[in-house]
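From a predicted model like this one, the values you see are computed outputs, not experimental measurements.
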Amino acid sequence: MTTPFGTRLRRAMDDRGPLCVGIDPHASLLADWGLGDDIAGLERFTRTVVDALAERVAVLKPQSAFFERFGSRGIAVLERAVADARAAGALVLMDAKRGDIGSTMAAYAAAYLDPGSPLFSDAVTVSPYLGFGSLRPALDAARASGAGVFVLALTSNPEGAEVQHAVRAGGATVAATVLDHLREENADEARAGRLGSFGAVVGATLGGAAGEAGADLAIGGPLLAPGIGAQGATPADLPEVFGAAVRNVLPSVSRGVLRHGPDPASLAEAALRMADQVRAVAE
């Protein structure tokens, strides 16, 4: 790929609506669909979601852990899902939240951001809590392959505040520091008037907490916003949380769409309805 992820994401959000749907085959959801918590259930669930949504939504986000728990056979299902979703036109964001240093981080980058890997995705989530600089192998690999990276910054879980709101020696919070680094990574694209490829994960459930953390969300890149639906946030909450950056927000919804399965038409209708609701508040 030669077109940067941020450019492709902007086009997908404009064409298909600003929505990311998670593929989260946890045991209770498999049961709700009448499927077993086994490899057959995993494969049926995943194929149904991909077939129903990959031609319609901007981004699909498989949660790697739910596939890893089935070992090599689960990873094989994940590999096929990534390939099929991308072939159908969806961007794939691998929700892996990897974080390490040196050669280990480079290996994670090779797994998800090297075009030769069977798990190669359009973007991946990573954790910066070994220091933002530890992410350099992933950032460089993404830039080289035209992929993207989403870095945890202000997450939707309440436990995150004890780290993300912590204040560093210079007075900035950890979250604000992460956002500042991302702004630097996106600077060239921002100067050219394009959406950058290096995004932040910022929960839609935060309300005024983003401001309390000293967070400037204008990073020149996308803002992945989990928390809509089962965690309590709605599309109407997005302008309050994200302010002027709301046009760059990519809301992430999993159970709010997946609970409408296993009927493919119901899944598609739920996703398109949610995308329309988000588009209405982001314009």
Side-chain angles (χ1 to χ4, degrees), residues 1-11 13 59 91 93-102 104-106 108-110 112-114 121-155 160-161 163-203 206 209-226 241-250:
M1 298 179 299
T2 55
T3 304
F5 171 73
T7 300
R8 293 184 290 118
L9 178 61
R10 171 63 74 207
R11 183 168 58 238
M13 292 169 66
V59 181
L91 299 178
L93 168 56
M94 183 64 70
D95 196 357
K97 298 184 178 72
R98 300 301 194 227
D100 216 302
I101 63 173
T104 307
M105 191 67 235
Y108 284 137
Y112 304 114
L113 301 171
D114 184 334
S121 302
D122 296 283
V124 64
T125 58
V126 298
S127 172
Y129 300 120
L130 289 174
F132 192 90
S134 69
L135 302 178
R136 181 52 54 193
L139 301 172
D140 289 348
R143 204 182 298 276
S145 64
V149 172
F150 285 88
V151 183
L152 302 181
L154 282 164
T155 55
V163 173
Q164 295 157 10
H165 289 212
V167 178
R168 302 176 62 233
T173 64
V174 171
T177 301
V178 170
L179 294 167
D180 287 345
H181 282 300
L182 288 169
R183 191 175 299 107
E184 292 173 7
E185 295 295 328
N186 290 318
D188 288 345
E189 293 296 303
R191 280 191 288 270
R194 295 187 293 265
L195 184 68
S197 298
F198 303 101
V201 180
V202 178
L206 293 175
E212 294 169 14
D216 179 0
L217 300 179
I219 62 169
L223 300 164
L224 181 69
V241 177
F242 296 96
V246 70
R247 187 169 181 267
N248 294 337
V249 172
L250 177 66

Smallest separation among heavy atoms of [X] and [Y], with atom names:
X      : Y      : result
Ala141 : Ala109 : CB-CB, 4.0 Å
Ala153 : Leu179 : CB-CD2, 4.0 Å
Asn248 : Gly221 : CB-O, 3.8 Å
Phe242 : Gly203 : CZ-O, 4.3 Å
Gly148 : Leu113 : O-CD2, 3.9 Å

(message) Can you tell me how the ring of Phe5 sits relative to the ring of Phe150, calling it parallel under 30°, perpendicular over 60° and tilted otherwise?
(response) perpendicular

(request) Using the side-chain contact (heavy atoms from CB on, under 4.5 Å) rule, pick out the option among Val241, Val246, Val202 that qualifies with Leu223. (result)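 Going through Val241, Val246, Val202 one by one, the side-chain contact (heavy atoms from CB on, under 4.5 Å) with Leu223 is satisfied by Val202 alone.
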
(message) By the definition side-chain contact (heavy atoms from CB on, under 4.5 Å), identify the one residue from Val126, Val124, Asp122, Val149 that meets it with Tyr112.
(response)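 Single side-chain contact (heavy atoms from CB on, under 4.5 Å) partner of Tyr112 among Val126, Val124, Asp122, Val149: Val124.
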
Do any N or O atoms from the side chain of [X] and from the backbone of [Y] form a donor-acceptor pair under 3.5 angstrom?
X      : Y      : value
Ser197 : Gly6   : yes
Thr125 : Lys97  : yes
Arg8   : Thr3   : yes
Arg183 : Asp216 : yes

(message) Just checking Ile101: does its CD1 atom have more than 12 heavy atoms from other residues, nucleotides or ligands closer to it than 6.0 angstrom?
(response) no

Indicate yes or no: at least one non-hydrogen side-chain atom of [X] is less than 4.5 angstrom from one of [Y].
X      : Y      : value
Met105 : Ser134 : no
Tyr129 : Val174 : yes
Arg194 : Asp188 : no
Ile219 : Phe198 : no
Leu152 : Pro128 : yes

(message) Is a donor from one side chain sitting under 3.5 angstrom from an acceptor on the other, for Gln164 and Thr155?
(response)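 Yes.
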
(message) I need the full list of salt bridge (Lys or Arg N to Asp or Glu O under 4.0 Å) pairs touching residues 138-152, with sequence neighbours left out, sorted by first then second residue.
(response) Arg136-Asp140, Arg143-Glu185

